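If you're wondering where the values come from, they're calculated on a predicted model, not measured in any experiment. Positions are given from 1 along the sequence.
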Amino acid sequence: MVPRARWSLRLAIVLAAIGCNRHAPEVKPPVIVISVDTLRSDHLPAYGYHGVETPAIDALAGEAVVYDHAFSHCPLTLPSYATLFTGLLPAGTGIRDNLGFRLGPRPTLAQTLRQNGYATGAAVSAYVLRAESGINRGFDFYDDRIAEHADQALGGIQRSGAETEAIAEKWIGAHSGRPFFFFLHLYEPHAPYDAPEPYRSRYKPYDAEIASADAIVGRFLNFLKAGKLYDRALIVFLSDHGEGLGDHGEDEHGIFLYREALQVPLMVKRPGAAGGSRDATNVGLSDVMAMILSDLHIALPAGVSAGPPQQIYSETFYPRFHFGWSDLHALISGTKHYIEAPRAELYDLGADPAERRNLAGEDRRTLFAMKQAIAPLVTAAAEPQAVPPEEAAKLAALGYISGGAPAQRGGALPDPKDKVETFRDLRKAFSWFRAGKNAEALHAFRQILRENPGMTDVWDVTAKAEWRLGHSEAAITAAKQGLAGNPRSATLAMTVAGFALQAGHPDEARKHAELALALGEPRAHEILAGVFLARGDLAHAESEARLALDDGDPAAARVILARVLKEEKRYEEALAALDEAQRWIEVNRKPPFAGLAYLRGDLLARLGRSEEAERSLKAEIALAPADPRAYQSLIVLLVSEGRGDEATRLVYQLIGTAPTAESYAAIVDTMKTLGDGNGARFWVRRGLQQYPHDARLRRLAL
């Protein structure tokens with residue numbers, strides 16, 4: 001084994017001082033952590049790169065200790081920040097993936113600083129760092145209101161760093177008179193790469209995002225300087241992990257543990273620092289909490305190391321949780337990098353930083369020593385908890401494959417190195433699906449499933465693609481096939497239940513909703529309420545809706561309750577339930593709930609409040625332009641007021657926006673409701689021309 005290089009002299013001096021004096025200094029400096037997500041250190045000029053200009057980060061580096069060899073312990077966002085805030089490896093934090101885990105009961109950096117007189121604030125730029133994960137523990141203020149900026153395609157579940165930086169300025173401006181800790185999280189270099197001009201035209205896509213992030217960092221540092229905070233602040237600049245960029249076959253991150261995914265920038269500017277320095281010590285993100293608290297003369301929480309470990313351990317369970325492939329584990333010691341996989345790998349980072357030459361077959365002594373050293377660090381991970389479908393969809397929109405693979409028991413799992421092409425095919429198929437290219441996505445998903453039938457998430461998205469294309473029975477069948485392979489998937493059970501209910505199969509919907517409920521998905525009560533509602537059993541429907549209030553999504557549960565109350569002709573009570581849902585959404589800073597404004601408009605129309613109804617229905621159409629329900633109600637309202645021309649334009653607007661089988665069926669239903677037999681026959685013929693096998697349209701044609 002090659003022992004780790006020396007620890008920084010500065011930290012050693014500080015630690016020696018702590019041994020004599022544990023009292024905090026009289027003046028508590030501001031503490032600021034700036035993280036640029038998904039930033040490879042070797043794509044920064046401060047680390048020798050020449051493909052982009054980053055004047056703000058360069059200037060900070062000129063006044064900071066720059067760690068040349070800093071590493072992440074996991075190439076995923078949420079596990080990395082959990083380690084950053086606790087000083088513990090992922091097994092210690094309890095977070096092993098971006099979904100399905102919650103931060104365990106460990107003291108955090110924010111909690112520790114708050115207990116020592118600091119105001120604590122944070123603003124994050126992506127849904128991955130949602131407060132519900134527990135990552136907000138210890139923060140007085142934690143702004144994760146990404147959804148307020150989201151569009152209906154989920155592309156807005158990250159926000160621009162400029163918006164997040166403005167939130168940081170506002171909070172710091174209000175708290176600069178007392179000691180404070182602030183965490184600023186920027187997401188620019190994360191895929192998809194879509195930098196604004198002038199960076200887009202000047203650099204390669206990933207580097208353009210880095211340049212854009214640098215401009216935001218510069219704006220933030222200028223704000224600190226203008227407020228006379230910069231010089232006296234302890235500022236830490238870092239990233240959570242790197243990016244593959246195709247170096248070993250992975251374009252983004254999560255699957256592999258090569259250097260490009262693990263090595264991150266780390267710069268520490270201390271109060272009053274006049275000049276920078278370099279530190280060649282290997283350090284991990286787990287060391288940052290100790291660095292900060294040691295500089296402040298604050299005792300470390302129990303279990304957090306005050307000095308560097310002898311090796312840097314990293315892991316990824318992403319391949320196993322999502323694809324049924326082997327998890328990977330890595331150890332960096334000195335310049336040697338060992339990757340534990342079905343086919344082990346060993347690299348010399350000093351002589352071969354691109355990791356092109358695997359030394360596992362020739363340096364058996366080092367391989368054996370590192371295999372022994374990593375053994376006590378490799379800790380089994382619990383299976384992720386059931387994840388609500390909307391959370392999985394949001395992570396998929398950020399590029400993370402959203403579902404999971406069934407737990408594997410016994411036998412060797414495939415080496416992710418052998419699945420690079422499959423993973424690329426998956427990324428491409430998911431990008432088509434997110435872009436609405438459903439036929440292309442469906443073809444790709446089917447090909448993937450032929451070779452990898454155990455991929456739960458692919459079965460789920462295949463079912464959704466079938467549904468979008470009007471293949472309702474095929475959609476249900478696909479979800480059932482996935483469920484047969486993974487009978488403990490609450491997500492697939494909910495998909496079958498939801499589609500079966502919409503397709504007019506209440507018995508099947510009930511059976512699968514009850515299965516989802518048994519698997520721990522409380523939102524199944526909402527579907528059960530819908531089942532009873534479809535049967536006209538309003539008493540049981542109301543009972544299920546109220547059960548959903550106790551355990552499910554408070555907004556969705558109140559909307560389904562309002563639907564039940566509407567059928568019972570308790571219109572005012574239904575409106576009151578919607579008002580409560582809206583208040584909860586606003587108080588909890590959640591996105592607008594699709595369907596709420598539609599139902600409000602429908603209720604208002606029934607109460608004779610036509611102008612208010614029209615406003616609500618138009619608001620729903622603006623929110624969800626592909627959902628036909630609000631169009632239906634508004635068309636009926638306009639015809640009842642003698643505004644037939646406007647109603648006709650609305651029909652064509654729906655078909656132009658969403659020419660789906662569902663839209664055609666909704667129009668035919670509406671024409672029948674209005675007693676327009678000719679219109680119904682016209683639109684059912686038009687629909688069957690595009691969707692000749694759609695069961696709903698075929699029934700309506702009879």
Practice item. Kindly indicate whether a cation-pi arrangement holds for R130 with Y127, taking the cut-offs as under 6.0 Å to the six-membered ring centre and within 45° of the axis. Key: yes

Practice item. Report the residues that fulfil side-chain hydrogen bond (donor to acceptor under 3.5 Å, both in side chains) with D247, sequence neighbours left out, ordered by chain and then residue number. Key: R40

Exercise for review: Assess the pair Y49 and H43: is the distance between their ring centroids shorter than 6.0 Å?
Suggested key: yes

Exercise for review: Taking the six-membered ring for Trp and the full ring for Phe, Tyr or His, determine whether the centres of F101 and F321 are under 6.0 Å apart.
Suggested key: yes

Practice item. Check salt bridge (charged side-chain N to carboxylate O under 4.0 Å, His left out) between D348 and all other residues, then give those that pass, not counting sequence neighbours. Key: none

Review point. Honestly, is R356 close enough over Y258, meaning NZ or CZ under 6.0 Å from the six-membered ring centre and within 45° of the axis?
Key: no

**Study point:** Counterpart residues, salt bridge (charged side-chain N to carboxylate O under 4.0 Å, His left out), relative to R202 (two or more places apart)
**Key:** none

**Study point:** Atom CZ of R424 with >12 non-hydrogen neighbours under 6.0 angstrom
**Key:** yes

Review point. Ring centroid separation for F445 and F430, is it under 6.0 angstrom?
Key: yes

Review point. Considering residues at least two apart in sequence or located in another chain, which fulfil the salt bridge (charged side-chain N to carboxylate O under 4.0 Å, His left out) criterion with R446?
Key: E466

**Study point:** Centroid-centroid under 6.0 Å between F317 and H329 rings
**Key:** yes

Review point. Could you walk me through whether F71 and H337 pass the ring pair (Phe, Tyr, Trp, His ring centres under 6.0 Å) check?
Key: CA-CA 12 Å; F71 298 94; H337 182 195; 7.5 Å; no

Exercise for review: Check the surroundings of atom NZ in K437: do more than 12 heavy atoms from other residues, nucleotides or ligands lie under 6.0 Å from it?
Suggested key: no

Point to revise | Minimum heavy-atom distance between H241 and T77, given as atom pair plus value | key: NE2-OG1, 3.4 Å

Point to revise | Derivation of the ring pair (Phe, Tyr, Trp, His ring centres under 6.0 Å) call for Y338 and Y347 | key: CA-CA 7 Å; Y338 168 69; Y347 299 99; over 10 Å; no

**Study point:** Results of side-chain hydrogen bond (donor to acceptor under 3.5 Å, both in side chains) for S314 - residues two or more places apart only
**Key:** none

Practice item. Using only heavy-atom distances, determine whether the side chains of T495 and D460 contain a donor-acceptor pair under 3.5 Å. Key: yes

Review point. T422: what forms a side-chain hydrogen bond (donor to acceptor under 3.5 Å, both in side chains) with it, not counting sequence neighbours?
Key: none

Check your understanding: Is the centre of the H69 ring less than 6.0 Å from the centre of the Y67 ring?
Key -> no

